[in-house]
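Just so it is clear, the model here is predicted, and its values are computed rather than measured.
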Amino acid sequence: MKELVEIIVTSLVDHPDQVEVTEEAKDDEKVINIKVSQEDMGKVIGKQGRIAKAIRTVVKAAAIKQDEHVTVEIVSENE
């Protein structure tokens, strides 16, 4: 899943070298954290969160196919 998110996010942003995608396990689900430069934050979130929702939908569909529970979170650089 991490690789899928990396491919999607790096194709959206202006600074693909600053994209960090990490994966951690919490309880019975995986959490994928996306960290991008502050300039690219709007490109990943999109107007009214449409891009972020689309990323989550694609990842959720892929996770269901593999019988997993995956959550995608977009983390700002300040956190």
Side-chain angles (χ1 to χ4, degrees):
M1 289 303 142
K2 179 182 168 187
E3 295 82 17
L4 174 64
V5 174
E6 275 187 59
I7 291 168
I8 293 170
V9 174
T10 53
S11 67
L12 292 173
V13 298
D14 290 333
H15 306 286
D17 54 314
Q18 295 182 9
V19 172
E20 289 181 41
V21 179
T22 58
E23 185 176 86
E24 57 186 73
K26 287 187 179 177
D27 299 327
D28 62 339
E29 72 176 348
K30 290 181 184 176
V31 177
I32 297 177
N33 294 311
I34 303 169
K35 188 185 285 188
V36 296
S37 70
Q38 201 64 32
E39 297 172 10
D40 291 329
M41 192 64 82
K43 290 183 176 84
V44 175
I45 296 172
K47 288 185 180 177
Q48 298 179 349
R50 288 186 180 139
I51 303 284
K53 186 176 180 181
I55 292 170
R56 289 183 177 113
T57 302
V58 169
V59 171
K60 191 172 208 166
I64 288 172
K65 200 166 188 174
Q66 294 182 357
D67 198 30
E68 296 177 346
H69 295 284
V70 179
T71 304
V72 177
E73 295 180 3
I74 300 169
V75 183
S76 70
E77 286 185 339
N78 302 336
E79 294 180 18

Sequence neighbours excluded and cut-off under 3.5 Å, please list the side-chain donor-acceptor pairs for residues 63-72, or say none.
{"unit_1": "E68", "atom_1": "OE2", "unit_2": "K30", "atom_2": "NZ", "d": "3.4"}
{"unit_1": "T71", "atom_1": "OG1", "unit_2": "E29", "atom_2": "OE1", "d": "3.0"}

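- To the nearest 0.5 Å, atoms CG (L4) and CD1 (I8) are separated by 4.0 Å.
- Counting only distance, with no hydrogens or angles, the side chain of D40 and the backbone of D14 share a donor-acceptor pair below 3.5 Å.
- With sequence neighbours excluded, the residues forming a salt bridge (Lys or Arg N to Asp or Glu O under 4.0 Å) with K26 are E24, listed by chain and number.
- With rounding to the nearest 0.5 angstrom, the CD atom of E73 is 9.5 Å from the OG1 atom of T22.
- E20 contributes atom CD, which lies 12.0 Å from atom CD1 of I34 (distance to the nearest 0.5 angstrom).
- In terms of heavy-atom proximity, L12 sits nearest to K43 at O-CD, 3.6 Å.
- The two residues V75 and M41 come nearest to each other via the heavy atoms O-CE, 3.8 Å.
- Across all their heavy atoms, V21 and K2 have their closest contact at O-CE, 2.9 Å.
- Residues I74 and V31 do not share a hydrophobic cluster, defined by chaining ILVMFWY side chains whose heavy atoms lie under 4.5 Å apart.
- When all heavy atoms of Q18 and S37 are compared, the pair lying nearest together is OE1-CB, 2.7 Å.
- Within 6.0 Å of CG on D17 lie more than 12 heavy atoms contributed by other residues, nucleotides or ligands.
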